[in-house]
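Below is one structure, written out as structure tokens; the observations come after it.
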Amino acid sequence: MLFGKTIVVTGVASGIGRRTAEMAGQMGATVIGIDRSPPEQSIGQVLIGDLSTPKGVAAIADALPERFDGLCNVAGLSGQSGAAETLAVNFFGLRALTETLAPKIREGGSVVNVASIAGFGWRQNAARAAAIARTTGFPDAAQIVADHDIPNDAGYPVSKEILLVWTMLAAHQAHFKNRGIRVNAVSPGPVETPILQQFREVLGDARVNADVEAVGRAGTAEDIAPAILFLCSDAARWINGTNIATDGGLEAAVTASAYGF
Ligand SMILES: NC(=O)c1ccc[n+]([C@@H]2O[C@H](COP(=O)([O-])OP(=O)(O)OC[C@H]3O[C@@H](n4cnc5c(N)ncnc54)[C@H](O)[C@@H]3O)[C@@H](O)[C@H]2O)c1
């Protein structure tokens with residue numbers, strides 16, 4: 001499905017990013033991984049870099065080759081380190097990397113953002129999400145958090161709400177759209193990776209267990225990677241600006257409950 005393509009994957013040292021990189025290789029792609037920590041197992045070429053600062057993003061972008069086909073934005077923080085750092089990594093760093101790399105992505109290429117069921121509230125919070133998504137460059141995340149009065153425990157859901165809104169806007173931004181580069185999102189529910197324990201600490205076991213029980217089990221990285229890679233492939237050539245809930249049906253249950261049907 002990805003034969004002959006070069007795919008860049010962030011967050012490859014762990015969880016969903018690692019499985020996405022391994023599976024992309026199995027599907028015939030050349031993979032370039034990015035993470036702030038070195039992966040324990042070899043998954044091919046890896047660049048060590050930090051997405052939380054403009055300098056870190058610029059260094060990663062400079063180190064990548066002049067042409068590649070797909071960018072999978074998987075790296076993310078749980079929110080445990082506070083709202084400013086969480087917004088910096090989960091949104092501002094991701095967006096800065098993607099916009100900086102746009103000229104290197106081949107025509108007809110693909111960007112896939114890993115969001116979350118935690119971003120479900122974007123409709124309710126659309127004005128805030130749109131205001132933050134419309135900022136430019138890599139703003140001071142602490143200032144944005146202060147301006148919008150975002151408490152630390154809301155940093156994670158807010159970061160994913162903004163990411164879902166930006167995914168829709170980005171699909172229509174000239175530097176992607178004019179070159180046929182599609183921008184989509186994948187939203188997992190709870191997935192058995194190291195971050196899940198942090199979600200349990202931030203959200204409480206009861207909330208995480210309720211989400212797991214709603215769909216019978218937690219997801220695995222193996223469940224999420226194929227959806228990301230489908231969106232990278234030419235089979236998804238007419239899918240743009242959308243979000244694929246990859247959660248065993250959790251979003252359907254949350255939507256039914258929220259809208260009372
Ligand atoms: N696991 C879940 O339950 C779940 C649910 C919904 C969404 N997600 C999303 O999936 C994505 C992947 O999460 P995961 O479950 O694989 O978690 P994980 O903690 O296993 O992996 C996250 C990776 O991102 C890397 N990373 C963090 N900050 C970075 C930075 N500043 N620069 C570069 N790399 C950085 C980490 O080193 C780590 O390797 C995240 O965006 C997360 O929000 C996960």
Side-chain angles (χ1 to χ4, degrees), residues 8-23 32-41 43 46-61 63-64 71-82 84-98 112-120 138 141 155-164 167 185-203 205 207-209 211-212 215 217-225 227-228 243-248 250-251 254:
V8 175
V9 183
T10 72
V12 286
S14 180
I16 298 169
R18 179 160 71 202
R19 192 62 197 121
T20 300
E22 287 166 352
M23 206 176 271
I32 305 172
I34 295 165
D35 208 290
R36 64 178 176 183
S37 314
E40 280 166 22
Q41 292 130 316
I43 55 120
V46 176
L47 302 173
I48 302 301
D50 181 4
L51 290 163
S52 71
T53 66
K55 209 172 140 194
V57 168
I60 294 168
L64 284 166
L71 171 64
C72 303
N73 286 313
V74 188
L77 294 177
S78 66
Q80 225 177 18
S81 54
E85 197 191 350
T86 304
L87 257 66
V89 174
N90 293 8
F91 180 64
F92 295 120
L94 179 160
R95 179 183 66 176
L97 182 73
T98 309
V112 184
N113 301 319
V114 176
S116 171
I117 183 68
F120 181 83
F138 196 140
Y156 184 77
V158 170
S159 73
K160 299 299 187 177
E161 289 169 10
I162 306 164
L163 182 55
L164 287 168
T167 298
V186 163
S187 283
V191 180
E192 291 292 359
T193 70
I195 216 176
L196 189 59
Q197 184 51 37
Q198 294 176 29
F199 290 142
R200 287 186 175 281
E201 285 158 25
V202 175
L203 300 169
D205 280 331
R207 166 69 206 284
V208 175
N209 291 344
D211 284 353
V212 170
V215 292
R217 66 170 173 86
T220 64
E222 190 85 14
D223 295 323
I224 313 302
I228 297 171
N243 172 43
I244 299 187
T246 311
D247 59 10
L250 182 59
E251 185 177 319
V254 173

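Counting convention: from 1, in listed order, for ligands and their atoms alike.
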### Query
For Phe138 and Ala96, which heavy atoms make the closest approach, and how far apart are they?
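That would be CD1-CB, 3.8 Å.
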
#### Entry: Verdict with supporting geometry, Asn209 and Arg200, side-chain hydrogen bond (donor to acceptor under 3.5 Å, both in side chains)
CA-CA 9 Å; Asn209 291 344; Arg200 287 186 175 281; 2.8 Å; yes

### Query
Rounded to the nearest 0.5 Å, what separation is found between the CG atom of Leu163 and the CG atom of Asn113?
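Reported value, rounded in 0.5 Å steps: 4.5 Å.
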
### Query
Of Val12, Val8, Val74, which meets side chain to side chain contact (heavy atoms under 4.5 Å, CB included) against Ile34?
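Between Ile34 and the candidates, side chain to side chain contact (heavy atoms under 4.5 Å, CB included) is satisfied uniquely by Val8.
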
### Protein residues having a heavy atom less than 4.0 Å from any atom of ligand 1
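Protein residues near ligand 1 are Gly11, Ala13, Ser14, Gly15, Ile16, Asp35, Arg36, Ser37, Gly49, Asp50, Leu51, Ser52, Val74, Ala75, Gly76, Leu77, Val89, Val114, Ala115, Ser116, Tyr156, Lys160, Pro188, Gly189, Pro190, Val191, Thr193, Pro194, Ile195, Leu196, Phe199.
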
### Query
Does the pair Asp223/Arg19 count as a salt bridge with the N-to-O cut at 4.0 Å?
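No, no charged N to carboxylate O under 4.0 Å.
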
### Contact list for residues 186-198, test side chain to side chain donor-acceptor pair (under 3.5 Å), sequence neighbours left out
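Sorted pair list: Ser78-Gln198, Ser187-Asn243, Gln197-Glu201.
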
